[in-house]
Amino acid sequence: MSIVVTAATGALGRLVVEELLARVPADRVAVVVRNEEKAADLAARGIEVRVADYDDPAALAGAFRPGDRVLLISGNEIGRRVAQHTAVIGAAKAAGVAQLAYTGVLGGPEADFDLAAEHTVTEQAVLASGLPYTFLRNGWYHENYTRELPTVLGHGAVVASAGEGRIASAARADYAAAAAVVLTGEGHLNRVYELSGDTAWSLAEYAAEVSAQSGKEIAYTQVTADEHLRILTGAGMPEEFAAIVVDVDAAIARGQLAGTGGDLARLIGRPAAPVSGAIAAALA
C-alpha cells in the first residue's frame with residue numbers, strides 16, 4: 001500500500017509530498033505525474049514515480065494499486081476537469097484503493113459560483129463510486145493575492161469587484177499539511193473538511209496591510225463587474241478566465257469564501273498562517 005499524490009509536480013502537489021515525507025518513509029509514497037523528468041528529483045529521494053495523464057484513461061489504469069491511499073488534486077484546465085477527474089475516479093475504483101481524498105472548494109455544493117461547479121460534480125462522482133473518501137474543500141490561497149503584489153505595487157492599488165466581502169484564505173502549505181494528515185492518519189474516511197484560514201479579511205484590510213509592510217500607499221479600488229472584466233482583458237487576460245475571476249469576486253461579495261469553521265487549524269494542530277505572513281514573504 002502506498003500513499004499516492006496525483007499532479008505531484010504542481011505547486012500544491014510538491015508541498016503535499018514534502019509533508020508526507022516528514023511523516024512516513026519515502027518508500028511509502030508514490031506520485032502520479034504527466035512528465036517523468038519533472039519528477040526526477042522525487043525519484044532520487046526514493047519515491048515511486050507512476051506516469052499517467054488525467055486525459056489518458058489507459059495510463060491511469062496502471063496508476064493505482066489495491067489498498068492505496070490516493071490524493072486527487074483537482075486539475076487546472078477549467079471546462080475539462082469533470083472528464084479528467086472522472087477518469088481518475090474510475091481508475092481508483094478499478095484498482096480498489098482504500099481512500100480517495102479530493103481537493104474541492106470551500107462550501108461544496110453550497111458554493112454557487114462558476115469555478116465551483118466542476119468540484120461539485122466531481123464530489124458527486126466520488127460518492128457514486130462507493131470508494132471511501134475524504135473531501136478537502138479548500139478555501140482561497142493567500143498566494144492567489146500575493147502573487148499579484150508586483151502589479152499591486154506598480155499601480156498603487158488593489159483593484160477588484162468584491163465589494164466589502166471577506167476572504168478566509170490560508171497558505172498553500174497549510175492546505176498541503178492538512179492533506180498529509182488525512183492521508184497518513186486514521187478517522188478521516190467518509191469525512192468532509194471545510195478548510196479555510198482562521199480569520200477572514202477584506203480587500204481594504206489587505207491593501208492596508210500591504211501599505212504597512214511595503215511603505216507604499218496602496219488603495220483598495222472597488223469597480224463594477226463590467227469594469228473589472230474590461231480591466232482584466234485589457235491587461236491581456238483571456239476573456240474566459242477573466243470572467244471566472246470576476247464571478248469569484250461576486251461570490252466573495254456574497255460571503256461565499258468567508259467561512260472560518262476551524263477545520264484547517266484542527267487538522268494541522270496549530271493556527272493557520274495569517275495572510276500578513278504571506279505578504280511579508282512575498283515582499284522579502
Side-chain angles (χ1 to χ4, degrees), residues 11-12 74-82 104-121 137-172 175 196-197 199-260 274-283:
L12 179 61
S74 58
N76 58 13
E77 296 176 277
I78 298 166
R80 300 177 59 186
R81 295 188 293 180
V82 170
V105 69
L106 187 68
E110 301 303 315
D112 63 2
F113 48 100
D114 293 343
L115 194 61
E118 290 176 304
H119 292 298
T120 298
V121 176
R137 293 177 176 167
N138 291 351
W140 243 221
Y141 297 164
H142 294 332
E143 291 86 353
N144 291 352
Y145 293 95
T146 57
R147 70 189 178 197
E148 301 299 330
L149 277 178
T151 300
V152 167
L153 294 169
H155 290 283
V158 175
V159 180
S161 51
E164 299 301 322
R166 305 187 75 81
I167 306 155
S169 65
R172 184 180 279 113
Y175 291 119
S196 60
T199 303
W201 44 268
S202 70
L203 286 169
E205 292 168 346
Y206 176 77
E209 182 66 25
V210 174
S211 294
Q213 292 201 33
S214 68
K216 181 173 182 178
E217 187 62 33
I218 303 296
Y220 170 39
T221 302
Q222 299 187 50
V223 295
T224 68
D226 287 343
E227 289 170 326
H228 196 190
L229 185 63
R230 285 196 296 272
I231 290 167
L232 294 173
T233 55
M237 184 179 290
E239 186 168 356
E240 183 178 3
F241 188 70
I244 289 170
V245 172
V246 172
D247 184 65
V248 167
D249 268 16
I252 291 170
R254 297 193 301 272
Q256 294 235 311
L257 290 170
T260 54
V275 70
S276 59
I279 293 170
L283 292 174

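When reading the values below, keep in mind they use all heavy atoms of this one structure, side chains included, and skip hydrogens, waters and symmetry mates. Positions are given from 1 along the sequence. Predicted model, so just to flag it, every value in this text is computed and none were measured.
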> Among all residues two or more places apart in sequence or in another chain, which pass the ring-ring contact (aromatic ring centres under 6.0 Å, His included) test with His119?
Replying inline: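 Result, ring-ring contact (aromatic ring centres under 6.0 Å, His included) vs His119: Tyr102.
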> With Tyr141, which residues qualify under ring-ring contact (aromatic ring centres under 6.0 Å, His included), at least two apart?
Replying inline: Tyr175
Would you say [Y] and [X] are linked by a side-chain donor-acceptor pair, where the criterion is simply a distance under 3.5 Å?
| X | Y | value |
| --- | --- | --- |
| Glu110 | Gln256 | no |
| Thr146 | Glu143 | no |
| Ser169 | Trp201 | yes |

Minimum heavy-atom separation for [X] and [Y], please, with both atom names.
| X | Y | value |
| --- | --- | --- |
| Gly259 | Ala168 | O-CB, 3.3 Å |
| Arg137 | Val105 | CB-O, 3.2 Å |
| Thr120 | Gly108 | OG1-O, 3.7 Å |
| Ala160 | Tyr220 | CB-CE1, 4.0 Å |
| Ala170 | Gly197 | CB-N, 3.9 Å |
| Ala243 | Leu229 | N-CD1, 3.7 Å |

> Do the charged groups of Arg166 and Glu205 touch, with an N to O distance under 4.0 Å?
Replying inline: yes
>> For a side chain to side chain contact (heavy atoms under 4.5 Å, CB included) check, start with the C-alpha distance between Val248 and Asp114, then their side-chain angles and the critical distance, and finish with the verdict.
In response: CA-CA 8 Å; Val248 167; Asp114 293 343; over 6 Å; no
Any [X] side-chain heavy atom under 4.5 Å of [Y] side chain:
| X | Y | result |
| --- | --- | --- |
| Leu106 | Asn138 | no |
| Pro274 | Thr199 | no |
| His228 | Asp249 | yes |
| Leu149 | Leu283 | yes |
| Gln222 | Leu203 | no |
| Leu115 | Asp247 | no |

> Can Asn144 and Ile167 be said to form a side chain to side chain contact (heavy atoms under 4.5 Å, CB included), step by step?
Replying inline: CA-CA 11 Å; Asn144 291 352; Ile167 306 155; over 6 Å; no
>> Quick check against the 3.5 Å criterion: does Lys216 have a side-chain atom that pairs as donor or acceptor with the backbone of Gly156?
In response: no
> Donor-acceptor pair, Gln213 side chain versus Ser276 backbone, under 3.5 Å?
Replying inline: yes
>> Apply side chain to side chain contact (heavy atoms under 4.5 Å, CB included) to residues Tyr145 and Tyr206 and explain how you reach the verdict.
In response: CA-CA 9 Å; Tyr145 293 95; Tyr206 176 77; 3.6 Å; yes
>> So, using side chain to side chain contact (heavy atoms under 4.5 Å, CB included) as the criterion, who are the partners of Ala157 when residues are at least two apart?
In response: Val159, Thr221
>> How long is the straight-line distance from CD1 of Ile244 back to CG of Leu232, given to the nearest 0.5 Å?
In response: 11.5 Å
>> side chain to side chain contact (heavy atoms under 4.5 Å, CB included) for Thr233 and Phe241? Distances and angles first, verdict last.
In response: CA-CA 9 Å; Thr233 55; Phe241 188 70; over 6 Å; no
